[in-house]
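What follows is one structure encoded as structure tokens, with my remarks underneath.
A note on names: the letters A, B, ... follow the listed sequences, proteins ahead of strands, and every chain is numbered from 1.
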Amino acid sequence: MKQRLTIYLLSILFVFLQFMSFTYAKTGENDDTITLDQVFFGTLLLKLEEGSGEHISAPLLSSRYDIDITGVIARTTLTQHFKNSSDLWLEGVYAFPLPDGSAIDGLRMRIGDRFIEGQIKEKKKAQKTYEKAKSEGKKAALLVQHRPNLFTNSVANIGPGEIIAVQITYQQIIEPDAETYTLKAPLVAAPRYEPQPVVQVLRSDAGGWHPVKADSAGVLTNNAVRDPRTLAPNSPHNPVKITVRLNAGFPLGPVTSNSHKVLIEREGDNTAVISLDAAAPANRDFVLSWLPRDFEQPQFSLFKETTDSGTYYLAMVTPPRLGKIKALPPRNIIFVQDVSGSMSGESIEQARSGLRIALERLHPEDHFNIIFFSDEIHTLSRHLLPATPKNIRRSLNAVSQMEADGGTDMLPALNLALKLARQENGGRLTQIVFLTDGAVTNEAEMMRAIHAGLGKSRLFTVGIGSAPNGYFMKTAADMGRGSNVYITDFEMVTEQMERLFAKLEAPVLTDLKIMLPRNAGRLTPNPLPDLYAGEPVVAAFLAKGEVQGQIRVVGNLGSHKVQLIMDTSKAIERAGVAKLWARQHIRGYEMLRNSSLANDDVKEKLISSILALALDFQLISSQTSLVAVDVTPTRRPGEHLNSQKIANNLPKGWDAKYWFPKNNEILRNAILAPTALAMLKNANLHSAQSNRIGMPKTALNWRTTIYFGLLLLLIGAGLLFWILGRRSLLTIKMAG
Amino acid sequence: MRLAWAIAVSFVILGLIVGAFGLLHPAKALLGQFLLERAFASGGAEPWPGADMRPVSRLRIERLKVSLIVIDRASGKGIAWGPGIVAGTDLPGRPGLSVIAGHRDSHMAFLGKVRPGDVVKFTTIDGQDTEYTVSGAMVVDSSRWSPQTNSQTPGQLYMVTCWPLDGQETTLKRLVVVAGII
């Protein structure tokens, strides 16, 4: 009883102490600072104290996206203007996240009358350039990658009132999901640019001051005290301009944006120009989606990019929409499941759910088998089984009982699968699905086996776990005319497997071939995969000289042959094709370099090939980095430049429309929040004393403190009375 | 039982201490004005030995029977004793903008009762009078707003305190009562 009472009282005390510390710990909120982790959109961060990681984001005057979409390539140029609205010399960091799977290949900056350009250099040379510039006190900087796809570049010596313009160019591949192509462009800036009432006018009556009934905007201001950022009530904060030039590579169906009101100008069957309807509020990301129209035949389109080193071509074959595809053909499907010891743990769990999904999707007219392998081989049956409910049940049972144990001997399992596939074709398309963590060491032998034994079947690889052998998985699938998928995240197993197996159910064109004219180069990938519903087949080639003639696409649509023809002269010139070609090759070299196939000699050759490609095409790679170089045109020392002169004297290849935007494209009067400015001034102790007029805290809140004291007193007194009462009760009892 | 007894007593003692801390503020506000009044009368001397602020002006509103000594700085410490002139703004009576800040729950509580048309009279230590008329009021977000000084304009006066007046929480909002020189 005594103990319980004590605990009870202690907990009351505790709660009160909590309450007390809460009321006293509360300080003024501060949302002015920002760290690198909070950057989701191109932002110029102004440095506060060194090493604190805290920054102030510079006022953003405008953002402009110019996006060129060529089939599956999206090439984005983002131009932003910021202003140092303080009267201080500042150091800044431009930080920008890139969408997943995109690669940056251009960076340009204008800081007042200085021009900085990013150039791709060999890593060692880039480091040297950087060190040299640094020792000379110049502003060159290396692009630094902070986390996957968050890059930063330092900007030193930003003068008072100076405008900083930044332009980055990046390229990404857009993979359609269920026939829908989606492009995202981040727009969200720091939340404090949301317009909020800064000044609210009061009226007076007998009861004191009251807010005036707000007008439609909810804000009333008077001339003397207006916040400059809200000067023009109709002008947007952080105006954004977006122009998307879309060439889909197929007749366009609906083009929509769920995020913003857009203007869509259709120019031809395949093309459209999309722009924001008006200056948009930058409070959510821009999302654009497009779909193919309801055509019944596969569509073929050809793009090219002409450079000094030759003409690069991109061929794209798009399937008709799923609704237009006649009955799905029955298939043979052979699963080859790795159950070696390295698969134990989460990997085998992932494989188990993957197989279950695949088995449950089978149609009764399909045939299937499962091969489990470690250093021994088990199969469900010696032949392919019809996918009857009974057989599916049996196989699901086997899948739930499989366990990871023993060594890995992949070749016999692969050979068995290829043999089964050749034996029992039955006029059906045969797909082999290889699920493994890819701890492969005899890649060369495996490749030979696939090459020799594939026949009419197709091989798909599913990489499971954290470190699948990328080269093997990709190359085996390429050689097997299938595709590959990596599952690294357990959460994604269901989604990715559903997508893969839905795709495998709907082949549109099999035995796809693209025949090039005589003097055109080699096509990659080679051989081509089949064309499945929902995603295009994209292949690239380089022609050194003039290519004339026809390109023919042939394939089997069910039981009859299809042929699509296009003249090379019809190819459409688009930027980004050459870089895509180079990226494809670099990726291939990188994978080969990381496989056990490459000895030191080969590795060295691969490295020099990667370097040569990356330098030629100005790409960041394992061998190159982007270093920013001052490219300001030379002028007489001490020469004073006005902006007109600067505009007339841009570095070569720089387009004035980006660097000197028109008045209506840019917010002229954005300023830093007064508190942010005060923080910057504190950090720059050497600068003149702060001339910002700060508002002192003008609340003591002493009443709360007194009420709290009274409450504590009351509780104490109450307790005392209660204890005294109990004591007298006790005395009476004892007396009784 | 002895522990329960001890807890009860500690509650009482804690209550007394907290209460005393709370009372410290209005006590300081009253004592400060008393001492500042004396210093003002004696020609702007230091109000108590070692004080880092000086009285500069008397603020008076007849209708509300307000009479306060204004000090030369609006530091957090200073305005516990009396309303202060915000650094970077001008003294009342001069051209330009004077900003005077004080606590909503002590000296500047009267701002809630001020009405447009009220006359605010300032008297400097050497006896010069300046009168301002209240023209209106506004609530501002102090993190995004700051007064714009301009020494070319005829005298303007902002009297500033935390908003809402009966609030008990730390806030970024300020009530600004605007007055112009007559």
Side-chain angles (χ1 to χ4, degrees), chain A residues 2 5-6 9-10 13 20 26-32 196-204 208-209 211 220 222 224-225 227 229 673-675 690-720 722-723 726-727, chain B residues 1 3-5 7-12 14-23 25-26 74-76 79-80 84 86-89 99 101-106 108 112-113 115-116 136-149 160-162 165 167-172 174-175:
Chain A
K2 197 166 140 188
L5 179 72
T6 314
L9 287 174
L10 278 174
L13 187 68
M20 196 167 156
K26 219 170 174 183
T27 52
E29 51 216 52
N30 183 3
D31 57 359
D32 287 319
Q196 272 166 9
V198 173
V199 172
Q200 196 171 27
V201 175
L202 304 178
R203 73 187 159 80
S204 169
W209 298 105
L220 286 169
N222 82 39
V225 291
D227 182 326
R229 266 185 318 211
T675 40
S690 163
N691 60 5
R692 187 229 162 194
I693 296 159
M695 293 282 109
K697 282 193 177 159
T698 46
L700 294 164
N701 302 336
W702 53 275
R703 285 192 188 87
T704 324
T705 318
I706 287 178
Y707 293 148
F708 186 48
L710 282 177
L711 190 64
L712 286 174
L713 260 178
L714 257 164
I715 292 171
L719 277 172
L720 278 177
W722 185 62
I723 292 166
R726 271 176 63 89
R727 194 174 269 178
Chain B
M1 194 50 89
L3 192 58
W5 185 258
I7 289 170
V9 171
S10 54
F11 260 108
V12 171
L14 205 63
L16 285 172
I17 294 173
V18 172
F21 264 112
L23 279 171
H25 294 298
S75 62
I79 55 171
V86 173
T89 68
V99 181
H103 288 302
R104 66 180 170 195
D105 40 8
S106 66
M108 294 295 239
K113 290 178 232 150
R115 270 192 241 143
M138 58 196 171
V139 170
V140 301
D141 175 349
S142 66
S143 69
R144 286 150 52 81
W145 177 90
S146 100
Q148 313 286 308
T149 52
V160 179
T161 197
C162 280
L165 289 169
Q168 285 294 329
E169 267 152 25
T170 310
T171 171
L172 288 172
R174 299 285 183 273
L175 167 67

**Q.** B:T89 side chain vs B:V99 backbone, donor-acceptor pair below 3.5 Å
**A.**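 Yes; at least one donor-acceptor contact below 3.5 Å.
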Taking every heavy-atom pair that is under 4.5 Å apart, which of [options] has the most such pairs with chain A?
| options | value |
| --- | --- |
| B:G19, B:A137, B:G167, B:G84 | B:A137 |
| B:H103, B:K113, B:M108 | B:H103 |
| B:A74, B:P116, B:A101, B:A80 | B:P116 |
| B:P26, B:G112, B:G102 | B:P26 |
| B:I17, B:L23, B:V9 | B:L23 |

Q. Contact part of B:I79 toward chain A, heavy-atom cut-off under 4.5 Å: side chain, backbone, both or neither?
A.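 Contact with chain A is through the side chain of B:I79 alone.
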Q. Where on B:R115 is there a heavy atom nearer than 4.5 Å to chain A: the side chain, the backbone, both, or neither?
A.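 Both parts, backbone and side chain.
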(Q) Measuring from atom CZ of A:F708 to atom CG of B:L14, what distance do you get when rounded to the nearest 0.5 angstrom? (A)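 Between atom CZ of A:F708 and atom CG of B:L14 there are 7.0 Å.
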Q) Should A:L712 and B:V18 count as side-chain neighbours, where that means a heavy-atom distance under 4.5 Å? A)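 The answer is yes, as the side chains (C-beta and beyond) meet within the 4.5 Å cut-off.
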**Q.** B:W5 and A:L720, any side-chain heavy atoms less than 4.5 Å apart
**A.**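 When only atoms from C-beta onward are counted, B:W5 and A:L720 do touch, with a gap below 4.5 Å.
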Q.
Given B:R104, which partner from the list B:T171, B:V160, B:L175 fulfils the side-chain contact (heavy atoms from CB on, under 4.5 Å) test?
A.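 Exactly one candidate clears the test, B:T171.
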(Q) To check you understand the geometry: which heavy-atom pair defines the closest contact between B:R174 and B:C162, and what is its length? (A)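 Where B:R174 meets B:C162 most closely, the heavy atoms are NH1-SG, 3.5 Å.
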